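This report concerns only the one structure given below.
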Amino acid sequence: MSATNKLTIARAMAESLAQEMRTDPNVFIMGEDIAQLGGVFGNTRGLYTEFGEERIRDTPISETAFIGAGVGAAMDGMRPVVELMFVDFFGVCFDAIYNLMAKNIYFSGGHSNVPMVIMASTGGGYSDGGQHSQCLYATFAHLPGMKVIAPSNAYDAKGLLTAAIRDNSPVIYLFHKGLQGMGWLGTEPAAINQVPEENYQLEIGKAKTVISGTDITIVSIGMGVHHALKAAHELQKDDISIEVIDLCSLVPLDRQHIIESVNKTGRLIVVDEDYHSYGMSGEIFASVIEHDHTIFKTPPQRITYPDIPIPFSRPMEQWALPSTEKIIHACLTMKEK
Amino acid sequence: MLPTNEQRRWMYRNMLISRYMEERIETIYMEGKKPIFNMANGPIPGEMHLSNGQEPCAVGVCCHLGTEDIVTATHRPHHIAIAKGVDLKKMMAEIFGKKTGLSGGRGGHMHLFDKDVNFACSGIIAQGMGPAVGAALSRKLQRKSGIAIAYIGEGAANQGAFHETLNLASVWKLPVIFIIEDNDWGISVAKSTSTSVSKNSDRAAAYGMPGIFIKDNCPDQIFSATAAAVEQARCGDGPTLIEIKTSRLAGHFMGDAEDYRPKGEKENLLKNDPIPTYRQALLDEDVITIEEDSALVQETQQLIEDAITFARESDEPAPEEALEHVFAH
Ligand SMILES: Cc1ncc(C[n+]2csc(CCOP(=O)(O)OP(=O)(O)O)c2C)c(N)n1
């Protein structure tokens with residue numbers, strides 16, 4: 001048994017990065033404010049002191065350049081980890097992401113690898129406005145060639161980041177600001193958990209059943225998992241037994257895991273902080289129906305972010321976000337049917 | 001071209017409004033965020049980027065502009081919004097996320113839009129530049145008067161959009177001026193470690209347009225140095241890139257511990273605060289008297305207090321209003 005520590009996601013990420021950099025000299029990190037500042041969200045804290053400016057590289061505000069450069073370095077044998085501070089900034093550098101990073105393995109007929117990770121923060125809830133609060137899970141998941149993962153707690157955060165760094169394909173690693181353990185963003189306490197000191201990997205593309213239940217399956221990712229867990233806890237009092245699945249990965253998507261659960265419960269709710277339309281919830285419904293269109297005892301429900309830019313004002317933003325209350329309400333109406 | 005005394009008083013007054021607004025926001029922002037700082041709490045949640053120290057860049061340029069001219073600003077927009085004449089009450093209400101705000105609380109402090117005075121901003125670095133170029137194109141095509149100004153920070157001069165828009169504005173000879181507020185820092189990254197040239201104004205040469213470097217954070221100098229660029233844009237002779245050496249007196253955003261700043265830098269900047277310096281100059285040159293100055297201070301403070309009262313007393317938007325205005329009516 002190795003020792004464990006209670007860590008925030010931010011610290012778990014930094015621990016994974018440090019361990020991978022110690023064992024593999026080809027791993028390096030670049031991005032804005034990741035060196036002395038340790039990343040705006042703390043996920044590279046302490047690394048600059050240990051590894052120095054050669055391997056922990058502060059970049060100009062030039063995402064097209066440094067993400068494109070990540071692709072070139074990755075194809076030439078390095079393992080770059082690139083930070084995109086807010087996922088919302090993808091727009092200025094999306095070509096480097098989806099036309100280069102995500103396609104070069106294919107274009108090379110599998111002769112080249114692109115072992116690169118992009119880490120980006122997601123999520124809102126603290127009034128940061130429509131250009132700093134999005135999730136955009138589906139935007140990345142929709143385009144082939146990149147794996148997309150989003151841990152909901154520190155243990156997963158470390159194991160998945162290690163797996164992402166060692167993966168020979170490009171990985172988009174999305175961490176939710178509200179789970180990061182930075183006090184100034186408020187923090188979901190359940191995201192802070194025991195993390196082994198030793199290095200370990202979790203398989204990308206594997207979902208987890210966080211709690212088992214028999215009445216309703218709730219599928220989610222990132223922050224949504226915590227909303228679902230709280231709802232499940234509340235609903236126990238009404239004798240409603242909820243199964244909560246944490247997808248951990250959107251690409252590859254663990255469809256089998258979801259189908260097995262819905263086979264058992266016959267009821268499905270998907271909770272997604274990303275925009276409603278053309279998103280994760282639709283994909284999951286379709287995956288289940290394609291497998292067996294008779295599987296549902298009641299129509300599935302989705303609790304998602306409406307198709308609107310994210311408003312600054314607190315009452316509007318809070319109203320629009322998925323919440324424990326919305327999930328409880330959905331479960332109760334579902335059980336009545 | 002030197003500013004008239006009337007213009008100097010206008011610039012000073014708008015600098016005072018901006019500074020006092022920032023001082024008040026600083027206090028109000030911390031309400032409910034003590035003892036444990038959590039961005040989500042308090043009457044003004046979210047990020048807050050203050051512009052104190054950079055006021056001269058706003059007034060020195062905007063003093064040449066009228067309502068019809070178009071300005072796009074950055075994530076640090078307050079001083080520019082004030083100098084462009086954005087309604088103080090509606091702006092404050094927007095910063096509080098109230099129904100009476102510029103966009104009914106949808107935008108917040110990084111996304112202030114005031115159609116009445118042709119002001120807009122964006123929180124994505126350098127992305128105000130394209131819309132300014134487009135507005136300039138529109139004025140040219142429609143043969144309407146008015147020019148466009150895009151403000152950016154020095155960090156933004158390393159964005160693709162910077163280089164692309166400069167080139168476009170130059171080949172199409174558009175009535176647009178690009179203003180770089182060089183405060184030396186892009187969050188924690190020093191300009192010296194992120195930028196290949198020591199002066200971004202030198203980059204203008206690559207795009208065949210004049211590049212002007214203004215070395216002092218002084219409204220009069222900025223006014224004088226930008227006059228020719230405004231004239232050039234107005235008479236159809238194309239764009240100019242202007243870089244102003246200025247200073248960010250606060251952290252990148254509120255809550256920034258600024259550990260990355262070299263020792264003593266902040267103290268030095270505070271010693272050279274442009275507002276007391278300008279005040280002294282105006283007093284020394286008899287542009288204002290001490291009595292006029294204190295009256296002005298009081299008047300501008302009152303404006304801000306009124307705006308704050310308006311914002312505080314305004315209603316929150318109804319939650320469902322979040323669904324409105326995704327598309328045009
Ligand atoms: C495309 C993009 N990348 C990164 C950011 C994050 N960011 C916000 S402000 C900032 C620094 C900007 O520096 P500068 O342009 O010099 O303006 P200043 O903050 O100094 O006024 C960064 C990196 C962003 N908003 N947009």
Side-chain angles (χ1 to χ4, degrees), chain A residues 31-40 48 53 57-68 85-86 88-93 95-96 124-133 177-178 182-187 275 305-321, chain B residues 33 36-41 44-47 75 94-99 101 103-111 122-127 153 155-161 186-191 193-196 252-253 255-257 259-260 316-326:
Chain A
E32 290 153 24
D33 305 279
I34 60 151
Q36 272 198 69
L37 195 69
V40 169
Y48 182 70
E53 61 188 15
R57 308 182 80 90
D58 265 346
T59 60
I61 312 170
S62 306
E63 291 86 358
T64 297
F66 68 77
I67 293 185
M85 194 185 293
F86 287 74
D88 315 66
F89 305 160
F90 81 106
V92 301
C93 52
D95 192 69
Y126 62 102
S127 292
D128 213 3
Q131 295 176 335
H132 288 75
S133 307
K177 283 163 245 156
M182 304 299 280
W184 51 281
L185 285 166
T187 279
Y275 302 115
Y305 201 90
D307 296 328
I308 57 170
I310 296 160
F312 164 74
S313 165
R314 192 184 284 129
M316 292 199 278
E317 187 190 23
Q318 293 302 323
W319 173 82
L321 282 167
Chain B
K33 293 192 182 73
I36 297 163
F37 182 74
N38 175 346
M39 231 176 226
N41 294 339
I44 305 175
E47 284 177 63
H75 58 289
E94 187 59 35
I95 292 168
F96 276 72
K98 296 297 184 74
K99 194 177 165 65
S103 70
R106 292 174 189 80
H109 122 99
M110 268 191 281
H111 316 110
S122 171
I124 306 295
I125 297 308
Q127 291 297 331
N158 297 313
Q159 274 286 303
I187 309 188
S188 73
V189 180
K191 179 180 158 202
T193 64
S194 69
T195 306
S196 58
H252 169 69
F253 50 31
D256 178 358
D259 294 335
Y260 49 82
E316 301 266 19
E320 306 78 33
E321 287 174 36
L323 300 174
E324 294 168 11
H325 303 303
V326 177

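The chains referred to below are lettered A, B, ... by the order of the sequence lines, with proteins before strands, and numbering in each begins at 1. Because the structure is a prediction, the values reported are computed rather than measured.
When each of B:Ala40, B:Pro45, B:Ser194 is scored by its heavy-atom pairs under 4.5 Å with chain A, the top score falls to B:Pro45. Highest contact tally toward chain B, considering only A:Pro311, A:Gly130, A:Ser127, A:Gly183, is held by A:Ser127 [criterion: heavy-atom pairs under 4.5 Å]. If you tally non-hydrogen atom pairs under 4.5 Å between each of B:Ala161, B:Gly107, B:Ala318 and chain A, the highest count goes to B:Gly107. Here B:Pro319 is the residue among B:Gly104, B:Pro319, B:Gly255, B:Ala322 with the most heavy-atom pairs under 4.5 Å with chain A.
Looking at B:Ala257, neither its backbone nor its side chain comes within 4.5 Å of chain A, counting heavy atoms on both sides. For A:Asp58, the part lying under 4.5 angstrom from a heavy atom of chain B is the side chain only. When heavy atoms are compared at a cutoff of 4.5 Å, B:Glu324 does not approach chain A at all. Looking at A:Thr59, the atoms closer than 4.5 Å to chain B (heavy atoms on both sides) all sit in the backbone: N, CA, C or O. With a 4.5 angstrom heavy-atom cutoff, A:Glu317 does not touch chain B via any of its atoms. Neither the backbone nor the side chain of B:Thr195 comes within contact range of chain A, judged by heavy atoms closer than 4.5 Å. Contact annotation for B:Ile187: both backbone and side-chain heavy atoms come within less than 4.5 Å of a heavy atom of chain A.
Between A:Gln36 and B:Ser188 there is no side-chain heavy-atom pair separated by less than 4.5 Å. Within the 4.5 Å cutoff, the side chain of A:Gln131 has heavy atoms near those of the B:Ser122 side chain.
Around the CD atom of B:Glu320, the shell of radius 6.0 Å holds more than 12 heavy atoms that belong to other residues, nucleotides or ligands.
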Mind running side-chain contact (heavy atoms from CB on, under 4.5 Å) on A:Val92 and B:Gln127 for me, showing each step along the way? CA-CA 9 Å; A:Val92 301; B:Gln127 291 297 331; 3.3 Å; yes

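Heavy atoms only, all atoms of each residue included: A:Ile61 and B:Ala156 are closest at CD1-N, 4.4 Å. Across every non-hydrogen atom of A:Asp88 and B:Ile124, the tightest pair is O-CD1, 4.3 Å. When all heavy atoms of A:Arg314 and B:Asn41 are compared, the pair lying nearest together is NH2-C, 3.6 Å. Smallest separation of non-hydrogen atoms from B:Met110 and A:Asp128: CE-OD1, 3.6 Å. Scanning both residues, A:Phe312 and B:Phe96, for their nearest heavy atoms gives CE2-C, 4.0 Å. Nearest approach of A:Ser62 to B:Asn158, heavy atoms of both residues: OG-O, 2.5 Å.
Taking OG1 of B:Thr193 as the start and CZ of A:Arg57 as the end, the distance is 11.5 Å to the nearest 0.5 Å.
Under a 3.5 Å cut-off, the side chain of A:Ser313 and the backbone N or O of B:Gly97 do form a donor-acceptor pair.
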